[in-house]
Protein chains: 2
Amino acid sequence: MADSDDPKSLTIASRQQPASADRVPCKECPLIHCRGLSAPDEGQRAWIEAFKSSEARYVRGEQVLRQGVRATRLFTVLEGVLIRYRLLEDGRRQIVNFLFPGDLVGLQAAFEAELTHSVEAMTDVRLCVFPRDRFFDLAVSHPKLSFDLTWMAAREEAALEDHLVSLGQRNAQERLAYLAVFLVQRGAATGVSREGTLRLTVTQSQIADMLGLSLVHTNRSLQALRRLKLVDWTLSTISVHDMEAARSFAQMDGDPYIPRPYI
Amino acid sequence: MADSDDPKSLTIASRQQPASADRVPCKECPLIHCRGLSAPDEGQRAWIEAFKSSEARYVRGEQVLRQGVRATRLFTVLEGVLIRYRLLEDGRRQIVNFLFPGDLVGLQAAFEAELTHSVEAMTDVRLCVFPRDRFFDLAVSHPKLSFDLTWMAAREEAALEDHLVSLGQRNAQERLAYLAVFLVQRGAATGVSREGTLRLTVTQSQIADMLGLSLVHTNRSLQALRRLKLVDWTLSTISVHDMEAARSFAQMDGDPYIPRPYI
DNA sequence: TCGGCGCGATGTCAAATGACACTGCCCGGT
DNA sequence: ACCGGGCAGTGTCATTTGACATCGCGCCGA
């Protein structure tokens, strides 16, 4: 079920991450070009630049944050995709959400609480690092950023609400269609994918752990969707031929496009 | 499935809610006495008082917010319990969360987005009303409150994460035990329930719609839990005899007590 | 006093989903 | 060339969960 406990990924995950010397200045932030993300203005960007302490890189499979610890750093995704998941004591794993460029990683750390989930890189990633202890300064000195932060938290909450509806009300095929559409659109909005297709390595085991299905049933349902020509999801590629058909198959409503602020 | 479309509740729900003349001054806010809630200080309370525009009352079954509209007001729960749910086009309903005193209702409204869920009163409730358009002032003029707001959003997100794990990884009985423990503890923290028992009218149909189970299966699983002497859940009362046993049965970890700020 | 209604409970059967054991394929290391 | 590991796919059978029909009970209003 949880495939994160194989020896290799553990040893990789536990080595300390050196702060990379080179860092992108915020005024040249590559995320500016993402439709789907609304960039902060000049003043805010200066503030963010000062707040940002460094950059970090992780390779696919590495753990960025570990459930149960009190983290001292927050991150923001500059490049790549990650997952956020929780482990139960008996080894069951629930993947809670995927993280794309612009997303905030580890907001819980800001409130000196223990993390309730782990975060793992799905691709090689670059993250912006922010110190937790200066977090409160943010709200004081730049209200608009603080507002954006609340916005981001609310947005993430809405995403979880969507997933919750999926797990609670949709059957296996609908869930798969929903997740495929969700990921492809997230990818499109953050510059990771072309229209209708997302190149991202996701194993069926990970899909199963996200959707609350068994591995075998996930496999069979994926095949069914492939036969229906709705979603073609392979190890390295998710492609949705007819977005509207897939959306209606999965009973998705609401507007897919709401530009999000980021930090 | 969705029982909210019976004619009676609809007519009740659609009448306009007169702003009640009498309102509790924030300095006498009854929530001060809730362990489980950390009260704002004097200065903050003054600011909240100025921000608060009125109070509203709803009776059990009334709709407070409706999915798909752009609300102009935010609420805070002063007294009572509500549910937040989403309807799918074919009538399936997913209850997303329960709202207890101190909780924020309709944060999405702050970002001029369409609401993705409806909110309905489970008991007679009293709400504090805040205008949406003065919301941004909050962040500017009182950073600590803005910080608390982010905190609350993050807390709600964590709760949804818990529910997501439940729907994704737990079987019917575990989900029921989890939900019972969750509700009783939420009730205890907000002064609604005595230790181990919560008096709150929840139909099995509502439980089913929260946990993604069929009505019949919910019924049978509840009976099973009753036979196991873990949870006794009737229409009007939830009682958990042995909290620790129930928590471990449902594979719940983490600290149940984190005092939350409120507004 | 009668009927309607909301809610819980049950019996029976069907469908969805899971568990387990096994195969084939690809790929990288030696 | 061989081995081992990760991953998708399959066959078979068990378990969980859902669908549908029905009953009992308490409540309330005509």
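Order of the sequence lines sets the chain letters (A, B, ...), proteins ahead of strands, with each chain counted from 1.
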Looking at dT12(C), does its base get a donor-acceptor pair with the side chain of R220(B) below 3.5 Å?
yes
Where the side chain of S214(A) is defined as all heavy atoms beyond and including C-beta, which of dA19(C), dA8(D), dA19(D) is the nearest nucleotide?
dA19(C)
Is the count of non-hydrogen atoms from other residues, nucleotides or ligands lying under 6.0 Å from R226(A) atom CZ greater than 12?
yes
Whether the side chain of T123(A) engages the backbone of G80(A) through a donor-acceptor N/O pair (distance < 3.5 Å, no angle test) should be reported.
no
Where each residue is assigned the nucleotide of DNA chain C containing its nearest heavy atom, which of V202(B) and Q173(A) is assigned the position nearer the 5′ end?
V202(B)
Does a side-chain N or O of R226(A) approach OP1 or OP2 of dG9(D) to a distance below 4.0 Å, or not?
yes
Assuming nearest nucleotide by heavy-atom distance, tell me which of R175(A) and V216(A) is located more 5' along DNA chain C.
R175(A)
Atom CZ of R170(B) to atom C1' of dT17(D): distance rounded to whole Å?
18 Å
Figure out the CD/P separation between Q169(B) and dG18(C), and round it to whole Å.
10 Å
Rounded to the nearest Å, what distance is computed from the CG atom of residue L213(A) to the C1' atom of nucleotide dT17(D)?
14 Å
Side-chain N or O of Q223(A) less than 4.0 angstrom from OP1 or OP2 on dT10(D)?
yes
How many Å lie between CG on N171(A) and P on dA19(D), as a whole number?
11 Å
Less than 4.5 Å apart, any side-chain heavy atom of E157(A) and any of Q108(B)?
no
Are OP1 or OP2 of dA8(D) and a side-chain N or O of N219(A) less than 4.0 angstrom apart?
no
dC7(D) phosphate, OP1 or OP2, under 4.0 Å from Q204(A) side-chain N/O
no
In whole angstrom, what separates L215(B)'s CG from dG6(C)'s P?
14 Å
Rounded to whole Å, how long is the line connecting atom CG of D209(A) with atom P of dC7(D)?
12 Å
Could you give the NE2-to-P distance, from H217(A) to dG9(D), as a whole number of Å?
15 Å
Pi-cation contact, F98(B) with R186(B) (under 6.0 Å, within 45°)
no
Tell me: CG of L222(B) to C1' of dC7(C), nearest whole Å?
13 Å
Flag yes if more than 12 heavy atoms outside E195(A) fall under 6.0 Å of its CD atom; otherwise flag no.
no
